[in-house]
Engineer: 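Structure below; questions to follow.
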Amino acid sequence: MSKKNNYPRKVFATSLAVLSALFIAITSILYILYKGWSAKLDFEKWKDYDECGI
């Protein structure tokens, strides 16, 4: 194979790897933000019951 025919495959493979890493990073950040938001809502919901002894 000549180098000219192999170039598009390398670009595609590199692009796919970069896009996969970006997708994983963005998904991880969104998951962390969701868990924090969920914990805050849960805390707000139950903070009135702290003095009850439940």
Side-chain angles (χ1 to χ4, degrees):
M1 279 183 126
S2 69
K3 288 184 179 183
K4 190 174 184 180
N5 289 339
N6 199 16
Y7 181 73
R9 286 187 181 181
K10 284 186 177 182
V11 171
F12 178 73
T14 304
S15 299
L16 189 61
V18 169
L19 288 175
S20 298
L22 269 171
F23 176 75
I24 290 171
I26 290 171
T27 305
S28 298
I29 290 169
L30 289 175
Y31 177 75
I32 290 168
L33 290 174
Y34 169 75
K35 292 302 273 186
W37 176 70
S38 178
K40 182 181 177 191
L41 286 179
D42 192 50
F43 177 76
E44 293 291 325
K45 177 181 174 184
W46 293 102
K47 74 178 181 180
D48 294 335
Y49 296 103
D50 283 340
E51 291 102 24
C52 293
I54 293 179

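No experiment lies behind these values; they were computed from the predicted model shown. Values below: all heavy atoms of this structure, side chains included; hydrogens, waters and symmetry mates excluded.
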Engineer: OG/S20 to CG/L16 distance, rounded to the nearest 0.5 angstrom?
Structural biologist: 4.5 Å

Engineer: Please set out all donor-acceptor pairs under 3.5 angstrom arising from side-chain atoms of residues 32-43, sequence neighbours excluded.
Structural biologist:
unit_1: D42; atom_1: OD1; unit_2: W46; atom_2: NE1; d: 3.2

Engineer: Could you give the distance from OG1 (T27) to CG (L22), rounded to the nearest 0.5 Å?
Structural biologist: 10.0 Å

Engineer: Run the salt bridge (charged side-chain N to carboxylate O under 4.0 Å, His left out) test against K47 and tell me which residues pass, sequence neighbours left out.
Structural biologist: E44

Engineer: Quick check for you: to the nearest 0.5 Å, what is the distance between T14 atom OG1 and L19 atom CG?
Structural biologist: 11.0 Å

